[in-house]
Amino acid sequence: MSTALPPAVAPPPRSTTPDRPLLVHSPGARVVRIPGPRPPAAPCARPAADLEIAIPAYNEAARLPRTLHRTVEYLREQPWRSRVVVVDNGSCDGTAEVVRDFARADDGRVPVALIGCARPGKGAAVRRALLSSRSRFVGFCDADLATPVETLATAMEHLQRGAAAVIASRHVSGARFVQSQPVGRRLGGAAFRLLARSVVRDVHDTQCGFKFFERQAVTHALVSCRTTGFAFDVELLRQLQVAGWGVVEVPVAWSHADSSSFSPWRDGLTSFSAVLQLRWAS
Ligand SMILES: Nc1nc2c(ncn2[C@@H]2O[C@H](COP(=O)(O)OP(=O)(O)OP(=O)(O)O)[C@@H](O)[C@H]2O)c(=O)[nH]1
Ligand SMILES: [Mg+2]
């Protein structure tokens, strides 16, 4: 007499997600929960430093080597412990490799980290870096280094004396244009400043890519921000003011860089419409 074997049942497909528990379903049986491996530590958790500088980067393979070199060289000489974090939004020009190569070749006294950001946009990238930082002071500068890194000395002086936010400004007394912008950008910038002034009080230049903060103060403001593109700075400054924080503007010797990721039509229109929305919402 032959004993009939139960029909072969194909094993349930294994989850390909390593950090989720595996659920095994079989007809008539209870769901069995097999614990999966522990979730990895947050991928962008970084040790605390005194100052962490985020550089949002989209297709910046050409400009980053000089910017990283100048920034790290400057930071090495400062009394505070610093880290640089490049936030890449899936660049396709080898930006990530440039950062990794730089970090590998450098002596690591000023660590250089690379993180990604799933949401596109400069604002989304900066927000991600600042919210994942544990450092006492945090901020960002652009990959074109239009604002000299030496401006950090003044920014840190203000922050260490208790300022919550210090931003570089091209439109306060003492500021100058070492290399000025094309006429079209200047006109667009003037119109944008006029509009931004209706959302952010007493700030003359919301758009200069060089802003530093006391982390605890900026965290609440960042959490409330929804703008992901270039108008992010306006919303961030507005949220800081709504929370009662002051903003210190420091004059800058600013140089326009020829290759820009800012498209006056696409990004300009999006930025104007984002600020109009902020204005109507306020
Ligand atoms: N991660 C990330 N960075 C971005 C994105 N868009 C722009 N950036 C970065 O934001 C910074 C500012 O961009 P810039 O090209 O300097 O534009 P801008 O400063 O507004 O305009 P310019 O006055 O022409 O320099 C640069 O470091 C860009 O690489 C993006 O979608 N993702
Ligand atoms: Mg720039």
Side-chain angles (χ1 to χ4, degrees), residues 54 56 58 119-127 130 138-144 146-147 151 154-155 158 163-177 180-214 217-257 260-282:
Y58 186 66
R119 297 176 86 186
K122 176 186 173 180
V126 168
R127 185 175 182 271
L130 270 49
V138 294
F140 62 93
C141 70
D142 290 348
D144 56 13
T147 299
T151 315
T154 321
H158 283 285
V166 184
I167 67 173
S169 176
R170 295 161 289 189
H171 301 285
V172 288
S173 146
R176 66 193 171 92
F177 286 79
S180 103
Q181 285 176 307
V183 181
R185 287 293 303 274
R186 285 210 300 263
L187 291 174
F192 190 82
R193 281 200 304 285
L194 214 62
L195 179 61
R197 222 173 276 171
S198 64
V199 178
V200 182
R201 276 174 289 111
D202 305 325
V203 170
H204 300 85
D205 186 2
T206 57
Q207 295 314 109
C208 192
F210 190 94
K211 297 184 169 64
F212 287 83
F213 311 93
E214 198 276 321
V218 81
T219 297
H220 282 98
L222 283 166
V223 168
S224 313
C225 284
R226 293 289 168 267
T227 312
T228 53
F230 285 92
F232 160 82
D233 306 47
V234 177
E235 187 177 15
L236 180 58
L237 295 172
R238 171 161 181 82
Q239 295 295 351
L240 281 164
Q241 290 189 336
V242 167
W245 298 109
V247 176
V248 178
E249 274 187 291
V250 298
V252 63
W254 194 82
S255 305
H256 174 72
S260 171
S261 69
F262 184 89
S263 143
W265 284 113
R266 190 197 54 218
D267 299 316
L269 288 177
T270 313
S271 303
F272 271 94
S273 105
V275 178
L276 280 172
Q277 283 174 35
L278 290 173
R279 191 185 162 171
W280 289 327
S282 59

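Just so it is clear, the values below take in all heavy atoms, side chains as well, and ignore hydrogens, waters and symmetry mates. Throughout, residue positions are numbered sequentially from 1 according to the sequence presented.
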Quick one: does D144's side chain have a donor or acceptor within less than 3.5 Å of a partner on A146's backbone? yes
Residue pair K122, S261: steps toward the side-chain contact (heavy atoms from CB on, under 4.5 Å) verdict: CA-CA 10 Å; K122 176 186 173 180; S261 69; over 6 Å; no
If we ignore hydrogens and angles and just use 3.5 Å, is the side chain of S224 paired with the main-chain N or O of H220 as donor and acceptor? yes
Between V223 and R127, which heavy-atom pair has the shortest distance, and what is it? O-NH2, 3.3 Å
Should D205 and V252 be marked as a side-chain contact (heavy atoms from CB on, under 4.5 Å) after you check the CA-CA gap, both sets of side-chain angles, and the distance that decides it? CA-CA 11 Å; D205 186 2; V252 63; 5.8 Å; no
If we only count heavy atoms from C-beta on, is the D142 to F210 side-chain gap below 4.5 Å? no
Please round to the nearest 0.5 Å and tell me the distance separating atom CG of L278 and atom OG of S198. 9.0 Å
Nearest heavy-atom contact between G174 and P251 is C-CB, 3.5 Å
To the nearest 0.5 angstrom, please state how far the CZ atom of R197 sits from the NE2 atom of H204. 6.0 Å
At what distance, to the nearest 0.5 angstrom, does OG of S260 lie from CZ of R185? 5.0 Å
For residues A221 and L236, report the shortest heavy-atom separation together with the two atoms involved. CB-CD1, 3.9 Å
Main-chain N/O of Q181 paired with R186 side-chain donor or acceptor, under 3.5 Å: yes
Using the rule given for side-chain contact (heavy atoms from CB on, under 4.5 Å), can you reason through F212 versus T154, listing the C-alpha separation, both sets of side-chain angles and the distance that settles it, and then say yes or no? CA-CA 11 Å; F212 287 83; T154 321; over 6 Å; no
Can you find a pair of side-chain heavy atoms, one from F177 and one from H256, that are under 4.5 Å apart? no
Quick one: closest heavy-atom pair of A168 and C208, and the distance? O-CB, 3.2 Å
Keeping the roles fixed (side chain from E235, backbone from R226), state whether a donor-acceptor pair exists under 3.5 Å. yes
For Q241 and D202, indicate whether the former's side chain and the latter's backbone hold a donor-acceptor pair under 3.5 Å. no
What distance do Q277 atom CD and S282 atom OG have between them, rounded to the nearest 0.5 Å? 12.0 Å
Verify, without hydrogens or angle tests, whether T227 (side chain) and G229 (backbone) share a donor-acceptor contact under 3.5 angstrom. no
Qualifying residue, where the test is side-chain contact (heavy atoms from CB on, under 4.5 Å) with L222 and the options are L130, L240, V126: L130
Within a strict 4.5 Å, meaning less than it, do heavy atoms of the V234 and F192 side chains meet? yes
Using 0.5 Å steps for rounding, measure from the OG1 atom of T219 to the CD atom of E214. 8.0 Å
Over all heavy atoms of both residues, which pair between R279 and L195 is shortest? Give the atoms and the distance, please. NH1-CD1, 4.1 Å
Taking the side chain from E249 and the backbone from V172, do they hold a donor-acceptor pair closer than 3.5 Å? no
Please check: side-chain N/O of K211 versus main-chain N/O of T206, any donor-acceptor pairing under 3.5 Å? yes
Would you check if V247 and V200 make a side-chain contact, meaning some heavy-atom pair closer than 4.5 Å? no
Look up atom CZ in F213 and atom CZ in F140, then write down how far apart they are to the nearest 0.5 Å. 5.5 Å
Smallest heavy-atom separation, P56 atom then A125 atom, equals CB-CB, 4.1 Å
